[in-house]
Amino acid sequence: MKPYTMDFDVKARDFSSAGESSSKFRKTLLMLSIPSDIVRRASIAAYEAEMNIVIHSYGGKMHFEIYKDKIVIVAEDTGPGIKDLELAMKEGYSTAPKEVIEMGFGAGMGLPNMKRNADTMEIVNHDESGTKIVMTINF
Amino acid sequence: MKVKDILSHEFTLVAGEGGIEKEVSNVYVCDLLSFVMSHVKSGSAWVTIQTHVNVIAVAVMTDISCIIICEGEKLDENAKEKADEENIPVIAFNGSSFEAAVKLSEMIK
């Protein structure tokens, strides 16, 4: 069966509209009567991925696929990539700039949070040309 | 307890009136957004000093019942608009996060 899909562009450093794609995705999940714990997990995973694009990348896009029994979230950006993936997956490790940390972001929990809330998370590539992360949440 | 039961001369509503019937079952205190995303329980009153628009997004994503902004900090104008749009009650409190948490915990008991 063909999934219901949604696509959004995410601008780098645009904090005033950050989270809009995750918010629209969440509203769609609620409209489709997806169970609330699944909505919460998917929303958190999506928002963390979207904020990573806003904070760390040169810009990117969010792609969502909603199936009957699973949700697929794809976050893709145009660089500069993750230098040390092992460190980035560690809770508390952050490369966020100071002004971002002052906003309460950059606690070094984005990737671990995504992994915790998704059933599967795959970092498809992460070189200087960009990063692509695919997450699946089953229900 | 509902969000509206928190409101008093000390806890004043500054945005998101549409959400004041929401149930509050817990209190969570933290200013790190990612930390909140990973630890807060649904239905919590979130005590913070952060005032920018992304605070509202975090509250929406995690089903937080209301946000308590402490130390007399003022909510950003675009955050206020977003809170109204998303029905996330934002409550201003002049004291510290600790004082807010103590008072809220007594109310929830």
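Each chain gets a letter, A, B and so on, in the order its sequence line appears, and its residues count up from 1. None of these values were measured; they are calculated from a predicted model.
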Measuring from atom CD of A:E20 to atom NZ of B:K82, what distance do you get when rounded to the nearest 0.5 angstrom?
5.0 Å
Is B:M37 close to A:M114 at the side-chain level, that is, under 4.5 Å between some pair of heavy atoms?
no
So, A:R40 and B:T62: side-chain donor and acceptor under 3.5 Å apart, yes or no?
no
Any idea which of B:V60, B:T48, B:N78 has the most non-hydrogen atom pairs under 4.5 angstrom with chain A?
B:V60
Quick check on the hydrophobic clustering: are B:I68 and B:V102 connected, directly or via other members, by side-chain heavy-atom contacts under 4.5 Å?
no
Quick check for you: to the nearest 0.5 Å, what is the distance between B:S34 atom OG and A:E91 atom CD?
9.5 Å
When clusters are formed by joining ILVMFWY residues with side-chain heavy atoms under 4.5 Å apart, either directly or through shared neighbours, do B:I69 and B:V47 land in the same one?
no
side-chain contact (heavy atoms from CB on, under 4.5 Å) for A:Y47 and B:N54? Distances and angles first, verdict last.
CA-CA 10 Å; A:Y47 184 69; B:N54 299 102; 3.5 Å; yes
Nearest 0.5 Å, please: how far is CG in B:D63 from OG in A:S43?
7.5 Å
Would the number of heavy atoms belonging to other residues, nucleotides or ligands and lying under 6.0 Å from OH of A:Y67 be above 12?
yes
d(B:M61 CE, A:F25 CZ) to nearest 0.5 Å is 9.5 Å
Are the side chains of A:M51 and B:L33 in contact, using a 4.5 Å heavy-atom criterion?
no
Identify whether A:I101 and B:V55 are in the same connected component of the hydrophobic contact network (ILVMFWY, side-chain heavy atoms under 4.5 Å).
no
Hphob cluster co-occupancy, A:F8 + A:V54, side-chain heavy atoms under 4.5 angstrom
yes
With rounding to the nearest 0.5 Å, note down the distance linking CD in B:E86 to OG in A:S23.
4.5 Å
For the student: nearest non-hydrogen atoms of B:S38 and A:M109, plus distance:
OG-CE, 3.4 Å
Test item: B:V53 and A:F15 side chains (from C-beta on) under 4.5 Å apart, heavy atoms:
no
From the list A:K27, A:R116, A:M103, the residue making the most non-hydrogen contacts under 4.5 Å with chain B is A:M103
How about B:E71: does its CD atom have over 12 heavy atoms from other parts shown lying under 6.0 Å from it?
yes
Applying the 4.5 Å side-chain criterion to the ILVMFWY set and letting contacts propagate, would A:V134 and A:I71 be lumped into a single cluster?
no
